[in-house]
Amino acid sequence: MTWQKVCAADDIANNTLQRFEVDGVAIVVANYGDGFQAIAPYCPHMEEPLHESGILETSGVLTCSKHLWQWDIRTGEMVGMAEKSLLCYEIKVEAGDVLINLEKELVYEYDEEDELDDDDFFN
Amino acid sequence: MPARNHTQWKEVPGQLKPGQWVDSRIYSDPDIFEEELEKIFKKVWVPVCHESELPEPYSFRTSSIAREPIIVVRGTDNQVRAFLNVCPHRGMMIERQPAGSFLEGRPSGNPKHMTCMFHGWQFDMKGNCAFITRGEDGYQERLKKEHVGLRRLRCEVKFGGFIWVTLNDQVEQTVEEWAAGCFDCIKDAIDTEPLEVFHYHKAIIGTNYKLWHDTNSEFYHDYMHYHNRVTGFNDEYFARKNVPFDNGHVNVNSFEVKYDEYDGFESRSELSFPKFPPNQWYMVDLFPGMNFNLRGSAFRSDVVTPLAPDKVMIEFRGLGLKSDTPEERMIRIEHHNTIWGPFGRNLHEDLIAVTGQGSTMKTGSEPRRILHGRVEDEYIHDENGVRHFYDHWGKWMNRLPSDPMKEYMVAAE
């Protein structure tokens, strides 16, 4: 366990997302009113930065405003059109500080660009 | 000699022969203009920009060839690729900015993708379709991402790092073959080290694109350039030749420019290009209208985009070495701008000339002869470079430049 302080709990307003860097690792922390969630910073669909394009409703549903994938922020599970779950860090609040368990950076696997056969392409 | 009445004015002057003039309709006729886009500009290699304008992966630059919008991008593998900048869905122009990067997201797009803002279709840096919004809901199995990649275009990085694109998948020659040796005179200077663009401006000029290229292809108009005229006309100057190459290209041979004889100028011998003697000056005039001009310390390129018979966009670039120190770069910029900047010594004079020609050759103006009849053993004031260009123009167009309503082959017999 490598618990690391991210910020003070007061730093993040209710129903907002904020981006932080901890030990050089980018994460996004959501304050959903009843608690906090720490996620990998990009949408698992098309690498959209979720602290910019994520909309967090009071219901706890996070929506990426680009292609409207949605998740339950409490669990990271898919809602609606989403096709991949969110990757979440273990998180806790102690003495007014938000801490996450940063054992390793969580990253999504995105589709690789196809290889092109350059020699034959135009023939 | 007396002035001439209308009939006399229309007669061939002196003993000039066809080929030593062109008919002004080649500069003003809308049908000929449309045909040039189809028969020439959609077939040849065009240098759309320089690779230093795409500094890192995801950098892009947009342009157009013969009204077709083009985008060039640097891929994650550092390769430069060119695509038609048109969405395969509803024909929207995908990228509307002249230059930028796809690395960061956009209001209607994600990082690392080209996004058509109209319906959100997305493409990667290799032109693959990466995402169709609600694709399966609307197209089921009938249309998938692999059916709607971008149209990729042939693209080469060549001759000092210029990015050459052609709309012609069936182009028969590589860029090297197309140039036919006309870059040999400056090849070492521009290909030993990477170059970098330090100056860019574009201008939309009220003239035909060929009139700009004509001016770049003859030095007789040094009579217009006051400074060239009073300080440059010497034996070395007149010893230069215009050298024709295959495919309609022309070189102008070098001579040593004596900048310290120019009023207000100092010698430029301290700064040059690799393997290039100081103060030398070569010009490469490339069919159908690109010019590469190396004056010892600074390298200039002109790329024309014809917009109408009487309208051309010219993109001017100034280049130095990527390895320039800040001091060297400042010297190159000053040397470039004092000759070729918008307020430089020569450029505005050339523009006065071609806009003056443009004013007399508007669509519908009476056809008249434009003389290219100076013959001086190909020495510098010979107009053989211009004649060489029109000989090739005639073949591409199958029109006789001196009588463009006649076929080139028939008339040549």
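Bear in mind the structure is a predicted one, so any value in this text is a computation, not a measurement. Below, chains carry the letters A, B, ... as their sequence lines are ordered, and counting in each starts from 1.
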Counting heavy-atom pairs under 4.5 Å with chain A, the top scorer among B:Gly105, B:Gly75, B:Gly109 is B:Gly109
Among B:Asp77, B:Thr133, B:Asp124, which residue forms the greatest number of heavy-atom pairs with chain A at distances under 4.5 Å?
-> B:Asp124
Mark yes when over 12 heavy atoms from residues, nucleotides or ligands other than B:Gln140 sit less than 6.0 Å from its CD; otherwise mark no.
-> yes
For A:Asp111, does the CG atom sit with more than 12 other heavy atoms under 6.0 Å from it, leaving out its own atoms?
-> no
Inter-residue atom distance A:Phe122.CZ - B:Gln170.CD, 0.5 Å rounding = 10.0 Å
Are any non-hydrogen side-chain atoms of A:Lys66 and B:Asn110 less than 4.5 angstrom apart?
-> yes
Hey, is CD on A:Glu21 packed in by over 12 heavy atoms from elsewhere, all under 6.0 Å?
-> yes
Counting only heavy atoms not in B:Arg96, do more than 12 sit closer than 6.0 Å to its CZ atom?
-> no
More than 12 foreign heavy atoms under 6.0 Å from CZ of B:Arg134: is that the case here?
-> no
Which pair of non-hydrogen atoms, one from B:Pro111 and one from A:Glu47, has the smallest distance, and what is that distance?
-> CG-O, 3.1 Å
By a 4.5 Å heavy-atom criterion (distance strictly below it), what part of B:Glu104 contacts chain A: side chain, backbone, both, or neither?
-> neither
Give a yes or no on this: more than 12 heavy atoms of other residues, nucleotides or ligands lie within 6.0 Å of atom OH of A:Tyr42.
-> no
dist A:Met46:CE -> B:Phe131:CZ (nearest 0.5 Å) comes out at 6.5 Å
pair A:Tyr110-B:Lys112: side-chain heavy atoms closer than 4.5 Å | no
